[in-house]
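Report on the following structure.
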Amino acid sequence: MRAAGRAVRARLRDRTAASDPGLLRLTAGLRTVGAIALTLAVLSLLGADVHLLVAGAMAAMVATFAIREKQLGAQAVTLALGLPVALASVSLGAVLNTRFVVFGDAFFVVLIFCAVYGRRFGDRGTALGLIGFQVYFLSLFVGATVSALPALCGAIALAFCSSALMRFAVVPATPTGVLLRLRLAFRARLAQLVSAQLDLLDAGADDMDKALRAVREGTARLHETAMMIQGRLEEGTADEAAARLVQRRIADAEIAAERLGLLLLTARSAERADTLTLHLPGAPAPSVSGPAVPDEAGATLRRDLQALHALVLRAGSGDTGTGLAHVRNRLLGYRDEENLPPASAAVQDVFRGIGESARAVLGLRIALDGPQDESDDTPATARSREELDAEDAAIDGGGEEAAQEEETGLRRPTTRAAVQVAVGSSLAIVGGELLSTQRWYWAVLTCWIVFLNTASTGEILVKGYRRLLGTVFGVVAGIVLAGLVGRHTWTAFALVLVLIFAMFYVAPLSYTLMSFFVTAMLGLLYTLLHTYSLDVLVLRIEETALGAACGVVAAALVLPVRTDRRTNELLGTVLERLAEVTEAAVGQLSGGPADELLDKARDLDQALADLRAATQPLIHPVTPLRTRRHTARYVVALLETCAYHARTLAATAELLPTHPSIAADPRLRGAAGRTVRNIGTIAARVADEHAGVRVETGPSIASLLGSDAGTPRYGRITDRVLRHLERLDEAVVGLARPLDVPVAAPQG
């Protein structure tokens, strides 16, 4: 019974870690709800009226979610600076909007400009601007007056203290702790991906598309977690060498898992599987060669995938013993040619992929948990340990990052956005006053929000649409909840806490759902303030629509950044990063000097993530241009394919100094030169559609190297390097057609 209970708890922990990497959403929700609940409890004991309760709750929410720094010391400084900003903002709001209304409106616009402009100063500037704006909005929402200022300031100060208590004592989140939880999430998601790959092995012809979709989603989720870990390494590790070690082991595991999925797909297919299939949403599965991998090899493969799944799950649990060692040794043995079961070449490649994945899991465990018991090691396991130890010893602290050139004046994104939101807010104030002289600020709030974390007109349009959609459904929910709650104050506050937790928990997943919970919560707050009516909630929809429209108009007419221009700029950055990674990896594989290849690869991944986010307006379901939507998806999928091959080449090149089966080959530089030139050609065409350039085609890279089928698997250049170079070359040429880049006819 005790063992069964531990197993259930372990499964629950893994599922929670996989669904919420780092428990970041859970932490944010609990911290915010706790701060609000503590503020309400103290204020109720002091006999505060409902207006102060609402103000305290809103201030606690703002003080909690506005702080985004990762180090606790920096968070404390920002929170301490935020309190005087909040007190000044609420005081000005009370004075100006009761005695000098016109000046109050003008100051609101100036405050909005400063709040958005403050984003150029990093997380602290963003937080202080957000606190100033939201607390000024709070003063309008509760109808702050000069006579009520002392009590209101006291409630806000209490809210900040409650937020600090929850942040630093009750629900702390240290960089080291967050990184540890992210590593657990990576392990859980890796296990989920292996489970999806096992389903792919067993899927029949009718279920292949569903199984492939699960593998594709699992691969994307694993990559997302790897990128989250990358963003926390600097603060969460003791030194640069430790950060680079974790970075390499995470990259190894991610690459091995993605490669295993591709090898499985190839083994199940009647033809060679294209890497693009793993990255293009909706791409059909290739035709299968049979119901599953046949005969005894299929049963062995199924058993070993299940063993790999168990090995991944137990890699971070501290479990040891002969059973785990036996599984690990058997899987690592597949890295030796003589241990492969008799099967087709494609199926044997899957066994090799399992062996490489087991090696990656072993590397993760050594890097994260320290030295392991080696008493049960087989020769194959000992060889893997020696390779990992040699790689670890070769890791140094890395070099300094090059400073990036920053735009100035109105070309700087924060300045441009500040001007746009100031103009949009001015329009929203005028239009909002025409709709309602009491609640015009809802239009301003919407205009402000649609500009947050957006960089093009298309992004603002999509965000405004999502906010309006969530608001409409939230109004319906607000009507129902307000009718159920009636005048029961504490029931309403309890529901407010539930809705706030839900708002923070779903915010990174769905902006529409977040807007839904916000609007439903506001319906309850109006009930508490005795200002609830159907007309008020309908007015909320009207003000939201007006604010979104004002934001779109300002973005389209004032210093506009068209979606095409934004995506082209980011596409150029992705291509530049891709060329850098490819050239550096090929250079090192050719015998050139060592470079920071994994850093370059992660820069490529980040640039690709930015491009993927910027293309959302192009691929959104409401986009009327279907052909354009398909093209955007296809281009991003092709770039993800290129990034996978470049990332793998970079990881392989970093093994050169320590891996006995990989040696430099000077011929690579010339053979891969065409690929690098083609990337530059496509980038030039993206930057200038009139550029007279053409993509080169010609013989395969293998033929340029003089490679033949009889080359030993572990020769001067491994088959894997050749395959990745060829697939990268094919994917780069494939980019030419959707981007309208002419392709030169092959010579000879």
Side-chain angles (χ1 to χ4, degrees), residues 50-51 54-55 57-58 61 97 101 105 108 112 133-134 136-144 424-452 460-489 491-493 495-496 498-500 502-503 506-507 510-554 622:
V50 70
H51 286 78
V54 170
M58 293 181 68
M61 182 173 66
N97 289 287
V101 177
D105 292 348
F108 202 11
I112 290 170
F133 170 82
Q134 292 285 5
Y136 193 90
F137 172 83
L138 180 157
S139 70
L140 297 172
F141 183 78
V142 300
S425 298
S426 300
L427 296 175
I429 288 175
V430 174
E433 289 274 10
L434 295 177
L435 286 176
S436 171
T437 56
Q438 292 182 319
R439 295 184 176 85
W440 53 268
Y441 43 80
W442 286 122
V444 181
L445 179 66
T446 299
C447 182
W448 150 277
I449 287 178
V450 297
F451 273 96
L452 292 179
I460 291 170
L461 180 61
V462 169
K463 192 171 184 180
Y465 160 79
R466 288 172 174 165
R467 184 167 183 82
L468 181 60
L469 186 65
T471 299
V472 170
F473 287 107
V475 162
V476 176
I479 293 172
V480 174
L481 291 175
L484 293 175
V485 170
R487 300 290 183 177
H488 297 84
T489 301
T491 303
F493 271 123
L495 284 175
V496 165
V498 171
L499 292 172
I500 288 175
M503 175 182 70
V506 305
S510 172
Y511 186 73
T512 301
L513 274 178
M514 188 197 77
S515 300
F516 166 81
F517 288 121
V518 169
T519 304
M521 175 195 70
L522 289 172
L524 291 174
L525 291 181
Y526 280 134
T527 302
L528 292 170
L529 295 173
H530 308 303
T531 56
Y532 166 78
S533 69
L534 180 60
D535 292 339
V536 169
L537 292 180
V538 171
L539 178 64
R540 163 114 172 111
I541 296 177
E542 295 172 345
E543 296 279 4
T544 298
L546 174 65
C550 290
V552 172
V553 168
V622 301

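In what follows, every heavy atom counts, from backbone to side chain, and hydrogens, waters and symmetry copies are set aside.
Side-chain contact between Val506 and Phe516 is absent, with no heavy-atom pair separated by less than 4.5 Å. With a 4.5 Å cut-off on side-chain heavy atoms, Val518 and Leu499 do not count as touching.
For Leu484, the side-chain contact (heavy atoms from CB on, under 4.5 Å) criterion is met by Val480, not counting sequence neighbours. For the side-chain contact (heavy atoms from CB on, under 4.5 Å) test, residues two or more places apart in sequence or in another chain that qualify with Val538 are Leu534, Glu542. With sequence neighbours left out, the ring-ring contact (aromatic ring centres under 6.0 Å, His included) criterion links Phe451 to no other residue. Residues forming a ring-ring contact (aromatic ring centres under 6.0 Å, His included) with Phe137 (at least two apart in sequence, or on another chain): Tyr441, Trp442. Partners of Asp105 under the side-chain hydrogen bond (donor to acceptor under 3.5 Å, both in side chains) rule, at least two apart in sequence or in another chain, do not exist in this structure.
Closest heavy-atom contact between Gly464 and Val450: CA-CG1, 3.7 Å.
Rounded to the nearest 0.5 angstrom, Ile449 CD1 and Ile460 CD1 are separated by 13.5 Å. To the nearest 0.5 Å, the span separating CG on Leu481 from CE on Met521 amounts to 12.0 Å. To the nearest 0.5 Å, the span separating CZ on Phe493 from CG on Leu524 amounts to 10.0 Å. Taken to the nearest 0.5 Å, the CG atom of Asn97 stands 4.0 Å off from the OH atom of Tyr136. Distance check: Leu445 CG to Phe133 CZ gives 5.0 Å after rounding to the nearest 0.5 Å. Note: Arg466 CZ to Leu513 CG = 11.0 Å, rounded to the nearest 0.5 Å.
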Table please: side-chain donor-acceptor pairs of residues 544-553 below 3.5 Å, with sequence neighbours left out.
residue: Thr544; atom: OG1; partner: Arg540; partner atom: O; Å: 2.8

Listing, residues 424-436 side-chain donor-acceptor contacts under 3.5 Å, not counting sequence neighbours, or none:
residue: Ser425; atom: OG; partner: Val421; partner atom: O; Å: 2.7
residue: Ser426; atom: OG; partner: Ala422; partner atom: O; Å: 2.9
residue: Ser436; atom: OG; partner: Gln438; partner atom: N; Å: 3.3
residue: Ser436; atom: OG; partner: Arg439; partner atom: N; Å: 3.1

